[in-house]
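Step one of this worksheet: look at the structure below.
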Amino acid sequence: MDYAPEEYSRYYIVEALFRLMSQYEYDKIKVTDIVAKAGVGRVTFYRYFKKKEDVILYYFEHNARSFELSQKYYPRCKEDYIAVAEDVFNKFKENAQVFRLIRKARLEYVYLDYLNKSFAESFATEHGDRSAYLPYVYAGMLFNVSMAWLDEGCLTPPAELAATVVNAVYGQRA
């Protein structure tokens, strides 16, 4: 993944936090530990983040931006949505170890909050005429399916999982 020069400190902080989370309980990790592992000062940490959870949120936001840039078209039909969902599950699977660390630390709520906010913003921009609750239905479905998939070890093929999710939205049996 390529980073702009000003993003390198954030990158090192994110990497440091996840490396530390693989070795220690999340609650035991201090900002001092993160900056020492990242090779940056406390001031640098606080320039970008208010608390440790913000590092995880940045990780989601950064990956979402790179995912959006990788999409080549705007989905227009069921098959397009299945392709996008498959890409989402492939990306999730690539990052499964990070999600396992997040789940181990009982920080899934950061992921769910991120999904809720992202879907709500997207719907407000693109589908303002639809129910205000619909983005939370989609976010909740993605969250619950991805967490169950993570718990099973991501064994179900992403294409099959994507078809299941999109068919649920389209009201069809998988």
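If you're wondering where the values come from, they're calculated on a predicted model, not measured in any experiment. Computation of the quantities below employed the complete heavy-atom set of this structure, encompassing side-chain atoms and omitting hydrogens, waters and symmetry-equivalent molecules.
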[Y] and [X], any side-chain heavy atoms less than 4.5 Å apart:
X: F92; Y: P158; result: no
X: N95; Y: Y59; result: yes
X: M141; Y: F119; result: no
X: F89; Y: T156; result: no

Just jot down the ring pair (Phe, Tyr, Trp, His ring centres under 6.0 Å) partners of Y114, sequence neighbours excluded, or say none.
->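 Y114 satisfies ring pair (Phe, Tyr, Trp, His ring centres under 6.0 Å) with F60 only.
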
How long is the span from the CD atom in E160 to the CD1 atom in I82, to the nearest 0.5 Å?
->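 The CD atom of E160 sits 12.0 Å away from the CD1 atom of I82.
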
Is there a path from L101 to Y58 through hydrophobic residues (I, L, V, M, F, W, Y) whose side chains come within less than 4.5 Å of each other?
->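 L101 and Y58: one cluster.
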
Consider only side-chain heavy atoms of I, L, V, M, F, W and Y, link residues closer than 4.5 Å, and tell whether F143 and L134 are in one cluster.
->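 They do share one cluster, since a chain of ILVMFWY contacts under 4.5 Å joins F143 to L134.
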
Candidate pair I102 and I56, rule side chain to side chain contact (heavy atoms under 4.5 Å, CB included), full reasoning = CA-CA 8 Å; I102 290 167; I56 297 168; 3.8 Å; yes

In terms of the angle between their ring planes, are F49 and F45 parallel, tilted or perpendicular, with boundaries placed at 30° and 60°?
->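 It falls in the tilted class, 30° to 60°.
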
Among all residues two or more places apart in sequence or in another chain, which pass the salt bridge (Lys or Arg N to Asp or Glu O under 4.0 Å) test with K117?
->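 So K117 forms a salt bridge (Lys or Arg N to Asp or Glu O under 4.0 Å) with E121.
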
With sequence neighbours left out, what residues match K30 under salt bridge (Lys or Arg N to Asp or Glu O under 4.0 Å)?
->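 K30: no salt bridge (Lys or Arg N to Asp or Glu O under 4.0 Å) contacts found.
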
Nearest atoms (heavy-atom pairs only) where P135 meets A132 =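 Where P135 meets A132 most closely, the heavy atoms are CD-O, 3.5 Å.
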
Search all heavy atoms of A96 against all heavy atoms of L150 and return the closest pair with its distance.
->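 Smallest heavy-atom distance, with atoms named: O-CD1, 3.7 Å.
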
Contacts table for residues 17-29: side-chain donor-acceptor under 3.5 angstrom, sequence neighbours left out:
from	atom 1	to	atom 2	distance (Å)
S22	OG	R19	O	2.6
Y26	OH	E53	N	3.4

Name each donor-acceptor pair under 3.5 Å that joins a side chain in residues 105-113 to protein atoms two or more places apart or in another chain, with its distance.
from	atom 1	to	atom 2	distance (Å)
E108	OE2	R103	NH1	3.0
Y111	OH	S146	OG	3.3

Taking side chain to side chain donor-acceptor pair (under 3.5 Å) as the test, write out the residues that go with T44, two or more places apart.
->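 By the side chain to side chain donor-acceptor pair (under 3.5 Å) rule, T44 matches no residue at all.
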
